[in-house]
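Bear in mind the structure is a predicted one, so any value in this text is a computation, not a measurement. A note on names: the letters A, B, ... follow the listed sequences, proteins ahead of strands, and every chain is numbered from 1.
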Amino acid sequence: MQTIEIPELVRYNHSYFCFFAVGIAVRYWLMKCEPSVYSIDDLRKDKSTIWEGVRNYQARNILRDDVKLHDKVLFYHSSANPAGVAGTAVVSRESFPDPTAFDPASQYYDRQSSVYEPRWFSIEVTFVAKLPVFVPLALLKTTRGLENMLVIKKGMRLSVQPCNAKEYNIIVKLGQG
DNA sequence: GCCAACGTTGGC
DNA sequence: GCCAACGTTGGC
């Protein structure tokens, strides 16, 4: 797939350009991971990783169809004490069949997923930064401008969630302390 | 297509 | 570890 780079365009904070840029502009995502499985420190060490093992259809569809090269990612630690945003990453490869689904030795193996008709999809993300100050969920819940984030909604379990530039920037700023 | 049972997620 | 909230499975 061909990528269209429009850094100059997105830099304009002007409604006409923003409207025009919809569809090709960089998108923003919040991606959950249990730090006991894979943390922001692991990503910093590895530099890049395959986002494998997503076995939820809604999240699968997002990974397969919506997450694009250069999209920005908030790396969220779930099931942690406390849970919250630990860092940022960037999408470095667009959707491809999740190799763990084909691997009988993997805990994510799915015999119903074939190479010819893959059921599950991955992307690759690359480390950008670890936030100097961890941004806990409790703070997300009380920060103005983040009211519409999915992650603060009760019962929201989607592991790959859309967010926007405003929310991303607020959280990154919180993470600077 | 309904829905109960079961499994998983994830905050606390 | 608890448990509420979901998502999936499978009998009917």
Side-chain angles (χ1 to χ4, degrees), chain A residues 27-46 49-67 71-89 91 95-125 127-164 166-177:
Chain A
R27 305 183 197 196
Y28 296 80
W29 307 99
L30 180 144
M31 298 180 64
K32 297 180 188 173
C33 193
E34 296 187 26
S36 59
V37 176
Y38 197 88
S39 72
I40 190 71
D41 291 323
D42 293 319
L43 183 60
R44 177 165 58 184
K45 178 163 51 73
D46 295 344
T49 193
I50 291 175
W51 207 268
E52 61 190 20
V54 171
R55 297 292 180 267
N56 167 279
Y57 286 103
Q58 197 181 348
R60 185 279 308 268
N61 293 346
I62 291 174
L63 290 181
R64 187 189 59 192
D65 305 330
D66 301 330
V67 178
D71 282 359
K72 296 187 176 189
V73 174
L74 293 167
F75 194 110
Y76 181 89
H77 283 177
S78 60
S79 293
N81 285 309
V85 178
T88 55
V91 175
S95 95
F96 55 94
D98 184 340
T100 65
F102 310 133
D103 177 7
S106 169
Q107 59 168 317
Y108 303 120
Y109 177 63
D110 180 0
R111 60 185 301 167
Q112 293 182 280
S113 183
S114 75
V115 178
Y116 308 101
E117 207 172 334
R119 175 183 289 196
W120 306 112
F121 288 81
S122 297
I123 58 158
E124 182 196 74
V125 298
F127 178 82
V128 171
K130 180 176 180 175
L131 293 179
V133 180
F134 183 81
V135 182
L137 177 60
L139 183 55
L140 298 180
K141 287 178 175 173
T142 57
T143 300
R144 278 191 65 173
L146 303 182
E147 300 85 355
N148 295 322
M149 288 197 79
L150 293 176
V151 71
I152 68 170
K153 312 277 187 212
K154 191 179 179 188
M156 169 49 64
R157 305 191 315 194
L158 190 61
S159 64
V160 183
Q161 305 179 356
C163 61
N164 61 44
K166 195 187 78 178
E167 293 159 346
Y168 180 95
N169 291 327
I170 290 173
I171 291 171
V172 167
K173 198 168 181 180
L174 288 173
Q176 305 308 313

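Evaluation of atom-type donor-acceptor distances gives no pair under 3.5 Å for the side chain of A:Arg55 against the base of B:dT8.
Put simply, CD on A:Glu34 is 7 Å from P on B:dT9, counting in whole angstrom units. The interatomic distance linking A:Tyr76 (OH) with B:dT9 (C1') rounds to 11 Å, in whole Å. Rounded to an integer number of Å, the gap from A:Asn81 CG to B:dT9 C1' is 15 Å. At whole-Å resolution of the value, OH in A:Tyr57 and P in C:dG7 are 14 Å apart. What separates CZ of A:Arg60 from C1' of B:dT9 is a distance of 19 Å, to the nearest Å. The interatomic distance linking A:Leu158 (CG) with C:dA5 (C1') rounds to 14 Å, in whole Å.
Under a 3.5 Å cut-off, the side chain of A:Arg27 and the backbone N or O of A:Pro162 do not form any donor-acceptor pair.
Below 30°, between 30° and 60°, or above 60°: for A:Tyr38 and A:Phe75 the angle between ring planes is between 30° and 60°, a tilted geometry.
Proximity of A:Lys154 to the phosphate of C:dA5: a side-chain N or O atom is located under 4.0 Å from OP1 or OP2. Residue A:Lys32 has no polar side-chain atom (N or O) positioned under 4.0 Å from OP1 or OP2 of B:dT8.
Using a 4.0 Å heavy-atom distance criterion, A:Lys141 is classed as a sugar-phosphate-only contact.
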Applying side-chain hydrogen bond (donor to acceptor under 3.5 Å, both in side chains) to A:Arg64 and A:Tyr57, what does each step give before you reach the verdict?
CA-CA 10 Å; A:Arg64 187 189 59 192; A:Tyr57 286 103; over 6 Å; no
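A salt bridge links A:Asp110 to A:Arg119: one of the charged nitrogens lies within less than 4.0 Å of a carboxylate oxygen.
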